[in-house]
Asker: 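The structure that follows is given in the form of structure tokens.
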Amino acid sequence: QVQLVESGGGLVQAGGSLRLSCAASGRTFSIYAMGWFRRAPGEEREFVAAISWTGGSTYYADRVKGRFTISRDNAKNTVLLQMNSMKPEDTAVYYCAASSRKFIVTSSSQYEYWGQGTQVTVSS
């Protein structure tokens with residue numbers, strides 16, 4: 001079992017920045033690939049970014065590429081999502097997820113563990 005807890009959400013103006021953090025506990029964090037997903041009101045959950053178990057590979061959704069950066073610190077059991085140049089359409093609940101597949105995973109069905117989510121609101 002892996003427990004995930006997100007933090008860092010909040011209200012930010014368009015063009016601003018937020019950094020989300022996901023703290024993991026339980027089984028060895030370093031063996032899992034990690035991902036961030038989001039769900040906007042009335043929409044389905046969508047993939048945002050993923051990082052491999054070593055941190056050597058990352059992948060982003062086109063909508064956030066160049067603005068968001070995913071990183072991880074296996075010594076601290078933490079994965080981060082730095083969000084810059086934020087837009088109102090980034091408003092959503094953001095979820096951290098862990099996959100035992102180790103490498104880049106973009107499908108939510110391939111993630112076994114999920115956090116409770118943190119609300120991000122971008123005002124125009």
Side-chain angles (χ1 to χ4, degrees):
Q1 289 283 349
V2 175
Q3 293 78 42
L4 303 172
V5 179
E6 303 95 336
S7 62
L11 175 64
V12 63
Q13 289 188 333
S17 299
L18 277 178
R19 187 177 73 169
L20 303 183
S21 179
C22 175
S25 60
R27 295 191 64 182
T28 305
F29 171 74
S30 62
I31 69 173
Y32 291 89
M34 300 298 295
W36 286 96
F37 290 76
R38 67 187 184 187
R39 177 176 285 163
E43 297 185 12
E44 294 187 354
R45 182 169 53 191
E46 67 172 351
F47 169 78
V48 175
I51 189 166
S52 62
W53 67 299
T54 63
S57 297
T58 58
Y59 188 80
Y60 299 91
D62 287 342
R63 294 177 67 178
V64 306
K65 195 175 298 181
R67 300 188 297 120
F68 291 11
T69 302
I70 188 171
S71 61
R72 68 188 297 162
D73 185 338
N74 286 345
K76 297 181 178 180
N77 289 355
T78 300
V79 61
L80 303 175
L81 184 68
Q82 178 66 44
M83 303 185 292
N84 299 328
S85 302
M86 298 187 71
K87 305 175 181 180
E89 51 263 45
D90 293 323
T91 295
V93 177
Y94 283 70
Y95 299 90
C96 171
S99 171
S100 62
R101 288 163 177 79
K102 295 190 175 182
F103 300 104
I104 296 297
V105 181
T106 61
S107 171
S108 60
S109 65
Q110 295 183 320
Y111 284 85
E112 293 97 328
Y113 304 104
W114 293 83
Q116 294 298 307
T118 184
Q119 176 70 47
V120 171
T121 303
V122 185
S123 62
S124 58

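As the structure is a computational prediction, the values presented were derived from the model and not from experiment.
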Asker: Do side-chain atoms of E6 reach the backbone of Q116 as a donor and acceptor pair under 3.5 angstrom?
Answerer: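 Pair found, side chain donor or acceptor close to backbone of Q116.
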Asker: Where do V122 and T91 come nearest, in terms of heavy atoms and distance?
Answerer: N-OG1, 2.9 Å
Asker: If you define the side chain from C-beta out and look only at heavy atoms, does anything of F68 sit under 4.5 Å from Q82?
Answerer: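 Not in contact.
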Asker: Are L11 and M83 joined in one hydrophobic group, where the rule is that I, L, V, M, F, W and Y side chains link up if heavy atoms are under 4.5 Å apart?
Answerer: no
Asker: List in chain and number order the residues that pass side chain to side chain donor-acceptor pair (under 3.5 Å) with E112, two or more places apart in sequence or in another chain; answer none if no residue qualifies.
Answerer: S100
Asker: A side-chain contact here means heavy atoms from C-beta on lying under 4.5 Å apart; do K87 and R63 qualify?
Answerer: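 No, too far: nothing below the 4.5 Å cut-off.
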Asker: How about V48 and L81: do any of their side-chain heavy atoms sit closer than 4.5 Å?
Answerer: yes
Asker: Heavy atoms only: give me the nearest A24-V2 pair and the separation to one decimal.
Answerer: CB-CG1, 4.3 Å
Asker: Which pair of non-hydrogen atoms, one from A98 and one from M34, has the smallest distance, and what is that distance?
Answerer: CB-SD, 3.6 Å
Asker: With a 4.5 Å limit on heavy-atom distance, are the side chains of V79 and I51 in contact?
Answerer: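 In short, these two side chains touch, coming nearer than 4.5 Å.
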Asker: Against the six-membered ring of W114, is R45 placed for a cation-pi contact (under 6.0 Å from the centre, within 45° of the normal)?
Answerer: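 Geometry flag: set, cation within 6.0 Å and 45°.
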Asker: Quick one: closest heavy-atom pair of S17 and N84, and the distance?
Answerer: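 Answer, listing the atom of S17 first, then N84: OG-OD1, 2.9 Å.
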Asker: Verify whether the ring centers belonging to Y60 and F47 lie closer than 6.0 Å.
Answerer: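 No, the ring of Y60 stays outside the 6.0 Å limit from the ring of F47, centre to centre.
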Asker: Do you see a donor-acceptor pair shorter than 3.5 Å between the side chains of D73 and T78?
Answerer: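 Side chains of D73 and T78: no pair found under 3.5 Å.
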Asker: Is Y59 atom OH crowded by more than 12 heavy atoms from other residues, nucleotides or ligands, each under 6.0 Å away?
Answerer: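 No, the 6.0 Å shell around OH holds no more than 12 heavy atoms from other groups.
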Asker: What are the two closest heavy atoms between G115 and Y95, and how far apart are they?
Answerer: O-CD2, 3.7 Å
Asker: Does the side chain of L80 reach to within under 4.5 Å of the side chain of L20, using non-hydrogen atoms?
Answerer: no
Asker: Measure the OG-CH2 distance between S99 and W53 for me, rounded to the nearest 0.5 Å.
Answerer: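 Between S99 OG and W53 CH2, I get 13.0 Å after rounding to 0.5 Å.
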Asker: Would you please test M86 and V120 for side chain to side chain contact (heavy atoms under 4.5 Å, CB included) and show each step?
Answerer: CA-CA 10 Å; M86 298 187 71; V120 171; 3.6 Å; yes
Asker: Can you pull the side chain to side chain donor-acceptor pair (under 3.5 Å) pairs that have at least one residue in residues 32-43, sequence neighbours excluded?
Answerer: R38-E46, R38-D90, R38-Y94
Asker: How far does CD1 of I70 sit from OG of S57, to the nearest 0.5 angstrom?
Answerer: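 So the gap between those two atoms works out to 11.5 Å.
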Asker: What pairs with R72 under salt bridge (charged side-chain N to carboxylate O under 4.0 Å, His left out), at least two apart in sequence or on another chain?
Answerer: none
Asker: Tell me the closest heavy-atom pair linking A33 and F103, and the distance in Å.
Answerer: CB-O, 3.3 Å
Asker: If you measure from OG on S123 to CD on Q13, what distance do you get to the nearest 0.5 Å?
Answerer: 5.0 Å
Asker: Indicate yes or no for a side-chain donor-acceptor contact from S21 to the backbone of S7 under 3.5 Å, with no hydrogens or angles considered.
Answerer: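 Pair absent, no side-chain N/O of S21 close to backbone of S7.
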Asker: Could you go through T118 and V93, starting from their C-alpha distance and side-chain angles, then the distance that decides it, and tell me whether this counts as side chain to side chain contact (heavy atoms under 4.5 Å, CB included)?
Answerer: CA-CA 5 Å; T118 184; V93 177; 6.0 Å; no
Asker: Do V105 and F37 share a hydrophobic cluster (ILVMFWY, side-chain heavy atoms under 4.5 Å, transitive)?
Answerer: yes
